[in-house]
Asks: 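Just dropping this structure here.
From a predicted model like this one, the values you see are computed outputs, not experimental measurements. Nothing fancy with the numbering, it's 1 onward along the sequence.
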Amino acid sequence: HEVRRLRGIVEQHQRLGDIIGDSPAIRTVFELIERVADSEASVFISGESGTGKELVARAIHSRSGRKSAPFIAINCAAMPAPLLESELFGHVRGAFTDAKSARQGLFLQAHGGTLFLDEIGELPLEMQPKLLRALQERKVRPVGGDSEVAFDTRIITATNRDLESEVEANRFRSDLYYRINVVHIPLPPLRARREDVLMLAQHFIKKYATGSGRPVVGIVSPAAQKLLDYDWPGNVRELENCIERAVALALLSEIQLDDLPAKIREHQSTRLELGSDDPTELVTLSEMERRYVRRVLDACGGNKTQAARVLGIDRRSLYRRLEDAPAEA
């Protein structure tokens with residue numbers, strides 16, 4: 001019965017492209033994607049690493065009027081500022097030593113479509129005014145060029161950083177932040193949407209079993225419970241890695257407890273349960289506060305500025321509480 005239930009769980013619940021889930025947190029994301037897809041507004045996606053920020057960007061593009069034009073993604077943390085400038089804006093022949101011919105930048109390559117700037121929080125400070133000007137004027141000047149070229153490209157950005165804190169620390173320009181953050185889509189970490197863990201696991205079982213030709217179709221209940229109890233610091237990416245490994249090691253048609261990594265098998269849940277009347281199961285007030293602060297931070301997608309607002313404290317107080325408390329396993 002459990003195998004049949006898990007086998008069909010993906011089809012029974014909402015799915016948007018490769019974004020799978022039915023939790024309230026992910027339904028909010030689905031709604032924002034649908035509402036913003038047909039607009040031309042710049043979209044800013046925030047969330048921890050591994051939460052699926054590029055999947056959201058691709059879902060927006062595929063539902064927009066630009067879906068037949070290119071979707072181009074670039075990681076702003078992957079290259080130094082001079083190379084990134086050439087990559088984004090292009091260059092003319094002779095602009096630098098290796099520029100033996102002119103090259104069109106990604107803004108123009110994505111003309112009519114969408115350019116996804118991942119890890120925008122890592123953008124070097126010297127590049128930020130150049131990007132801001134391009135977004136304001138809707139024109140780019142190739143490196144070494146004398147004239148600007150207009151582009152028609154929708155911009156979607158993403159980061160795992162708290163950009164409001166970066167702005168206050170003068171590591172990110174406030175004018176650029178407000179230019180890119182027209183519509184904000186915060187992605188919840190997987191530990192804040194535990195209802196989606198098993199349907200995601202079943203999706204990955206099907207993906208990797210089909211790809212490798214292995215006869216794995218489900219997961220036994222004890223293993224499934226361990227997946228639900230684990231906190232997934234690496235988010236959906238870590239869950240996918242876990243299931244890929246389990247499918248590769250499985251000797252039976254269902255993933256067993258021993259097929260899971262040791263850190264998941266041995267993990268002890270630290271979630272706060274308030275329904276018990278047993279004094280031995282109750283916790284101190286400071287521990288309850290610590291867990292609640294962590295819960296709010298998770299619900300805010302790791303955004304400390306937003307979490308501080310919800311908690312009614314300033315960000316420094318939040319930082320102090322997080323520093324004083326041991327990290328969760």
Side-chain angles (χ1 to χ4, degrees), residues 40-47 49-62 64 66-161 163 166-167 170-185 187 237:
E40 289 298 305
S42 296
V43 178
F44 172 61
I45 306 167
S46 65
S49 294
T51 48
K53 295 184 286 294
E54 184 169 341
L55 291 179
V56 171
R58 289 184 180 276
I60 292 170
H61 173 74
S62 67
S64 72
R66 297 175 176 267
K67 61 185 177 184
S68 59
F71 175 92
I72 296 179
I74 182 172
N75 188 325
C76 296
M79 55 188 69
L83 185 56
L84 181 61
E85 182 178 3
S86 173
E87 192 73 12
L88 290 175
F89 305 146
H91 61 256
V92 299
R93 181 180 179 183
F96 45 85
T97 304
D98 295 328
K100 296 182 173 60
S101 61
R103 183 178 184 277
Q104 199 176 58
L106 297 185
F107 273 92
L108 295 178
Q109 291 180 36
H111 185 79
T114 302
L115 177 60
F116 175 55
L117 303 177
D118 198 8
E119 301 303 343
I120 191 70
E122 307 289 339
L123 190 71
L125 269 173
E126 62 266 33
M127 270 291 297
Q128 293 180 22
K130 298 174 183 179
L131 177 59
L132 176 63
R133 177 174 174 79
L135 297 181
Q136 287 176 333
E137 303 297 328
R138 309 300 293 178
K139 295 178 182 178
V140 292
R141 183 190 298 272
V143 176
D146 297 323
S147 58
E148 295 182 323
V149 184
F151 65 86
D152 174 25
T153 304
R154 185 181 193 176
I155 306 300
I156 300 179
T157 58
T159 187
N160 59 11
R161 291 192 175 193
L163 277 198
E166 295 296 296
V167 168
N170 295 318
R171 290 189 293 264
F172 199 88
R173 293 178 61 109
S174 60
D175 45 8
L176 177 58
Y177 172 67
Y178 293 118
R179 174 63 60 177
I180 63 176
N181 187 15
V182 177
V183 177
H184 179 207
I185 300 181
L187 289 188
R237 186 181 294 133

Asks: About how many Å separate CZ of Phe44 and NZ of Lys53, when rounded to the nearest 0.5 Å?
Replies: 10.0 Å
Asks: If I take atom CG from residue Asn181 and atom OG1 from residue Thr157, how far apart are they, to the nearest 0.5 angstrom?
Replies: 7.5 Å
Asks: How close do Ser174 and Val167 get, heavy atom to heavy atom, and via which atoms?
Replies: CB-CG1, 3.6 Å
Asks: Salt-bridged, Arg141 to Glu85, with N to O below 4.0 Å?
Replies: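 Judged by the 4.0 Å cut-off on N to carboxylate O distance, Arg141 and Glu85 do not form a salt bridge.
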Asks: Could you tell me whether the side chain of Val140 reaches within less than 4.5 Å of the side chain of Leu88, counting heavy atoms only?
Replies: no
Asks: Distance check, rounded to the nearest 0.5 Å: Phe151 atom CZ versus Leu106 atom CG?
Replies: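 Reported value, rounded in 0.5 Å steps: 12.0 Å.
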Asks: My understanding is that only residues two or more places apart in sequence, or in another chain, count here; which of them pass ring pair (Phe, Tyr, Trp, His ring centres under 6.0 Å) with Phe172?
Replies: none
Asks: Any chance you could measure Glu40, atom CD, to Thr153, atom OG1, to the nearest 0.5 Å?
Replies: 10.0 Å
Asks: Just by modelled atom types, is the Ala59 backbone N or O under 3.5 Å from a matching donor or acceptor in the Ser62 side chain?
Replies: yes
Asks: Check whether any side-chain heavy atom of Arg179 sits under 4.5 Å from a side-chain heavy atom of Ile155, and report yes or no.
Replies: no
Asks: Within the structure provided, determine whether Val43 and Ile45 are in side-chain contact (heavy-atom separation under 4.5 Å).
Replies: yes
Asks: Hey, is the main chain of Ala41 close enough, under 3.5 Å, to the side chain of Arg154 for a donor-acceptor pair?
Replies: yes
Asks: Return the CD to CG distance between Glu166 and Leu123, rounded to the nearest 0.5 Å.
Replies: 12.0 Å
Asks: How long is the span from the OG atom in Ser46 to the CG atom in Leu187, to the nearest 0.5 Å?
Replies: 7.0 Å
Asks: Could you list the residues that satisfy side-chain hydrogen bond (donor to acceptor under 3.5 Å, both in side chains) with Arg133, not counting sequence neighbours?
Replies: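 side-chain hydrogen bond (donor to acceptor under 3.5 Å, both in side chains) list for Arg133, sorted by chain: Glu148.
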Asks: Given side chains that start at C-beta, do those of Leu84 and Pro124 come closer than 4.5 Å, heavy atoms only?
Replies: yes
Asks: Only distances under 3.5 Å count here; give the side-chain donor-acceptor pairs of residues 109-120 to other protein atoms, sequence neighbours excluded, each with its distance to 0.1 Å.
Replies:
{"residue": "Gln109", "atom": "NE2", "partner": "Gln104", "partner atom": "O", "Å": "2.7"}
{"residue": "His111", "atom": "ND1", "partner": "Asp152", "partner atom": "N", "Å": "3.0"}
{"residue": "Thr114", "atom": "OG1", "partner": "His61", "partner atom": "ND1", "Å": "2.8"}

Asks: Flag the pair Phe89 / Val149 as yes when at least one side-chain heavy-atom distance between them is below 4.5 Å, and no otherwise.
Replies: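 A side-chain contact under 4.5 Å is absent here.
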Asks: Might you point out which heavy atoms bring Ser42 and Val182 nearest each other, and give the distance in Å?
Replies: O-CB, 3.3 Å
Asks: Looking at Leu163, is its backbone amide N or carbonyl O close enough to the side chain of Arg171 to form a donor-acceptor pair, meaning the two atoms are under 3.5 Å apart?
Replies: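 A pair under 3.5 Å: no.
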Asks: Does the side chain of Thr51 reach to within under 4.5 Å of the side chain of Val56, using non-hydrogen atoms?
Replies: no
